[in-house]
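Scroll down for the structure; my scribbles are underneath it.
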Amino acid sequence: MNQGFRFLWTRPSQNVTENMAVFLSRLHHVSLHVSNAEKIANDLVSKFKFDLFAARLTDKSKHFAFRKGAAVFVVNERPSKSRVGLNEGILGSTDRYSIDPQRADLEKYKQGNNSLGCLYDLSPLHPVDTVNNVCFEVEDVQRSFKVLRDLGCNFLVPPTTVEDVNGPVTYSVVKSIVGNVCHTLIEKTNYEGVFLPGFDVIEKDWSLEEEDMSCPVTHFDHITYACPRKTTHQVMGWYEKVFGFQRFFIDSNEDVDEGFVINQEGIGLRLTAMEYWKCSKAGIALPFAGKKEPDCKFVIAESLPEQGRNQVDTFLEQHRAPGIQHIGLYTKNIVSTAHTMAEAGVQFSSPPPAYYTQLGKQQEIEEAGHSPQMLAQHGILLDTDLHQDPLSQRASSESKRHLLQVFTKPIFAENTFFLELIERRGATGFGEGNIKALWRSVQAYMENERVDRQEPQGSSKTVQTALS
C-alpha cells in the first residue's frame, strides 16, 4: 500500500509574483462525495463504461478514480454524521487560512480532514450525495494561494505537499461562490506517477490502451451549475476575477446582460456560459502525456418564475444548496454510446415522441445523415447550427454544423445530479431547439417522479439558499 507515501504541510511562500487571476492549465478531475461509494463505482464501470484505474482505501475512507478518455471522476465515500461533527465540513467564511497558518490551524486540518483519509479534497459532510469539486492543475500552487488570498478567497485547505516514490504533488482547496462547490488547485509538474500520491494504481500501460469504439467518450464537454435566481452575474464575476474565465455565448443572438433566456411554453430558464481555456498560461493537455484536450465550458442555469417550478428549483430543494447539476460527456458517436449504455442499464430522459415527427425535424435529422428512428430509440436530440458561415452554407447538407445530445436520468437517489452525452459535428454552442427539448424531457421525468411519490403540489418550498 503506497510504499514511501508521505504527507507534508507546505508553508506558503512570501515571494510570489502578483497577478490579477490564477491561470489554469487544465481540468484534472471531478470529485463525487457519496454515501455508498461501491454502488456509484459499480455504476460508473458497468453502466457508463468508465475504467477503474486507481484507488485509495483506508480504515476510515474509500476513494476510487475512474477514467474514460480524459474524463476522470474520483468517487469519495463521505463519512457518516456519527463519525464527525456536523461543523467539520466546508468551513465558513470566518475560517479561512491566513498567509502564514499557525500550527494550530494545521493540526485542525490534519485532525478534522486528513484523519478521514481525504486527500486532494475535504469531506463536505453534505446531507445528500453530491458532485462538488472540480480540480484544476496550475503551474504554481504557492503563487495561486497568495493571489487568491489577496482577492479575498476562502481556502479550505492551505498549500499541502504529498509525495511518493514518483515525486511530489502540492495542492490547496479553495471554496467557490456556488453553494458547496470547491476547487482543488493541484501542482504536479515534478510528479512522474500515473495519477496522484496516496492512490494505488492498477497495473496497466495506459499509453497502449485501445479506444472503446462502442462507447467513445473522450472528455468533459461542459459542467452546469444550478443556481438561485438573480445570482448569475455574481457567479460570473467571481470566476472572471478569480480564474480569468471569459464569457461564451450560447447563441449568436444572446443578450449580453440577460444571457440565453427561454421563457415560454412552460420553460422558464436562463443559461449563461463561460470558459477558461483561453486564459490558460500552460496550454491544455490530457491527464496522460502526448495528447491535447479541448476546452470545457461552465454553464450557469437559473430558473425564471413566470413559467412555474422546474428542475433547477427541484435541484436546489433536493440538493439543499446550489451546486453541480450535470456534466456533459463528449462522445465521438452518441448513437453507439447511448446504445451501449442503455444495454448496460443506463436510463435516458426522452423527449415527447412528437419531437421526431414535428414539421421539418425529420428532414433536418435525415439531412444530417441520421435516422429519426435510431435517435428516437434512446431519446437523442439533434439541432442544426442555423448560423452557418457562407462557406458551410454552400456545402452539402451533411456537412452543416450540428450537435446531438441526450440526458441520463439522475444517478443519485435524489433528483439532483445527472450526466449528458453530447456529440458535436462542428457546432460549438448548445442549440436552442435542443435546450428546450432536453429540459422539457427532464421536467417531464421529474414531474412523473413527483406524482409517483404522491408529493402534494403545494408542498414545494421556495429555495432561498445563499450562494455561499
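What you see is a predicted model; the values in this text were computed from it and never measured.
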Exercise for the section: Would you sort out whether Leu382 and Ile380 count as a side chain to side chain contact (heavy atoms under 4.5 Å, CB included), showing the intermediate values? Expected result: CA-CA 7 Å; Leu382 180 144; Ile380 299 171; over 6 Å; no
Exercise for the section: Measure the shortest side-chain to side-chain distance between Phe245 and Leu24 over non-hydrogen atoms and say whether it is less than 4.5 angstrom. Expected result: yes
Handout entry: Donor-acceptor contact present, side-chain Lys188 to main-chain Glu192, <3.5 Å
Key = no
Practice task
Taking Glu77 for its side chain and Ala37 for its backbone only, find out whether a donor-acceptor pair lies under 3.5 Å.
Solution key: yes
Handout entry: Under 3.5 Å donor-acceptor, Arg424 side chain and Gly429 backbone
Key = yes
Problem - Modelled atom types, side-chain donor and acceptor of Asp121 and Tyr171, under 3.5 Å - result: no
Handout entry: Backbone of Ser214 reached by a side-chain donor or acceptor of His339 within 3.5 Å
Key = no
Exercise for the section: Assess whether side chain to side chain contact (heavy atoms under 4.5 Å, CB included) is satisfied between Phe417 and Val128, documenting all intermediate values. Expected result: CA-CA 11 Å; Phe417 178 76; Val128 297; over 6 Å; no
Exercise for the section: Spell out, as yes or no, whether a donor-acceptor pair under 3.5 Å connects the side chain of Ser176 to the backbone of Val181. Expected result: yes
Practice task
Kindly say whether Phe248 contributes a backbone atom to a donor-acceptor pair with the side chain of Glu275 at under 3.5 angstrom?
Solution key: no
Handout entry: side chain to side chain contact (heavy atoms under 4.5 Å, CB included) evaluation trace for Leu27 with His219
Key = CA-CA 10 Å; Leu27 196 160; His219 62 276; over 6 Å; no
Practice task
Measure from the side-chain N and O atoms of Lys47 to the backbone N and O of Gln347, and report whether any donor-acceptor pair falls under 3.5 Å.
Solution key: no
Problem - Verdict with reasoning, Leu119 to His63, per side chain to side chain contact (heavy atoms under 4.5 Å, CB included) - result: CA-CA 9 Å; Leu119 290 174; His63 313 272; over 6 Å; no
Exercise for the section: May I ask you to check whether His222 and Glu420 show a side-chain donor-acceptor distance below 3.5 Å? Expected result: yes
Practice task
Using a 4.5 Å cut-off on heavy atoms from C-beta on, say whether the side chain of Leu269 contacts that of Phe260.
Solution key: no
Handout entry: Side chain proximity check, Tyr120 to Val162, heavy atoms < 4.5 angstrom
Key = yes
Problem - From Ser172 atom OG to Phe145 atom CZ, the distance as rounded to the nearest 0.5 Å - result: 7.0 Å
Practice task
Answer yes or no: is there a side-chain heavy-atom contact under 4.5 Å between Asp140 and Glu187?
Solution key: yes
Problem - Backbone N/O of Ser61 and side chain of Thr58: donor-acceptor pair under 3.5 Å - result: yes
Handout entry: Salt bridge Glu414-Arg320, side-chain N to carboxylate O under 4.0 Å
Key = no
Handout entry: Among Asn415, Asp129, Asn180, side-chain contact (heavy atoms from CB on, under 4.5 Å) partner for His319
Key = Asn180
Exercise for the section: Only one of Asp212, Thr218, Thr331 passes side-chain hydrogen bond (donor to acceptor under 3.5 Å, both in side chains) with Lys68; say which it is. Expected result: Asp212
Problem - Minimum heavy-atom distance Pro159-Val141, with the two atoms named - result: CB-CG1, 4.1 Å
Practice task
Nearest 0.5 Å please: distance from the CD1 atom of Ile186 over to the OG atom of Ser25.
Solution key: 11.5 Å
Handout entry: Donor + acceptor pair across side chains of His33, Ser31 (<3.5 Å)
Key = no
Completion exercise
Output for pair (Phe136 CZ, His28 NE2), nearest 0.5 Å, gives 12.5 Å
Completion exercise
Distance col, row Asp51:CG vs Ile202:CD1, nearest 0.5 angstrom, shows 8.5 Å
Exercise for the section: Search all heavy atoms of Asn333 against all heavy atoms of Pro216 and return the closest pair with its distance. Expected result: N-CG, 3.7 Å
Practice task
Establish, yes or no, whether a centroid distance under 6.0 Å links the rings of His183 and Tyr239.
Solution key: yes
Practice task
Flag the pair Arg229 and Asp313 as a salt bridge only when some basic side-chain nitrogen lies within less than 4.0 angstrom of an acidic carboxylate oxygen.
Solution key: yes
Problem - Heavy-atom closest contact (Asn310 atom, Gly268 atom, distance) - result: ND2-O, 2.8 Å
Exercise for the section: Give a yes or no answer on whether the side chain of Asn76 reaches the backbone of Leu32 with a donor-acceptor pair at less than 3.5 Å. Expected result: yes
Problem - Student check: side-chain heavy atoms of Ile300 and Met236 closer than 4.5 Å - result: yes
Handout entry: Donor-acceptor pair, side chain of Arg270 and main chain of Glu258, under 3.5 angstrom
Key = yes
Exercise for the section: Indicate yes or no: at least one non-hydrogen side-chain atom of His126 is less than 4.5 angstrom from one of Asn132. Expected result: no
Handout entry: Gap separating the OG1 atom of Thr408 from the CG atom of Asp43, nearest 0.5 angstrom
Key = 10.5 Å
Problem - 4.5 Å side-chain heavy-atom contact, Phe418 and Gln325 - result: yes
Exercise for the section: For residues Phe64 and Leu44, determine if any side-chain heavy atom of one lies less than 4.5 Å from a side-chain heavy atom of the other. Expected result: no
Fill in the blank from the handout: Distance col, row Arg425:CZ vs Leu404:CG, nearest 0.5 angstrom, shows 6.5 Å
Handout entry: Other residues, nucleotides, ligands: >12 heavy atoms within 6.0 Å of Glu38 CD
Key = no
Practice task
Work out which heavy atom in Thr130 is nearest to a heavy atom in Phe412; give both atom names and the distance.
Solution key: N-CE1, 3.8 Å
Practice task
Decide if the gap between the ring center of Phe220 and the ring center of Phe73 is smaller than 6.0 angstrom.
Solution key: yes
Completion exercise
All heavy atoms of Tyr356 vs all of Leu375, minimum pair found to be OH-O, 3.5 Å
Fill in the blank from the handout: Nearest heavy-atom contact between Ser350 and Gly379 is OG-CA, 3.7 Å
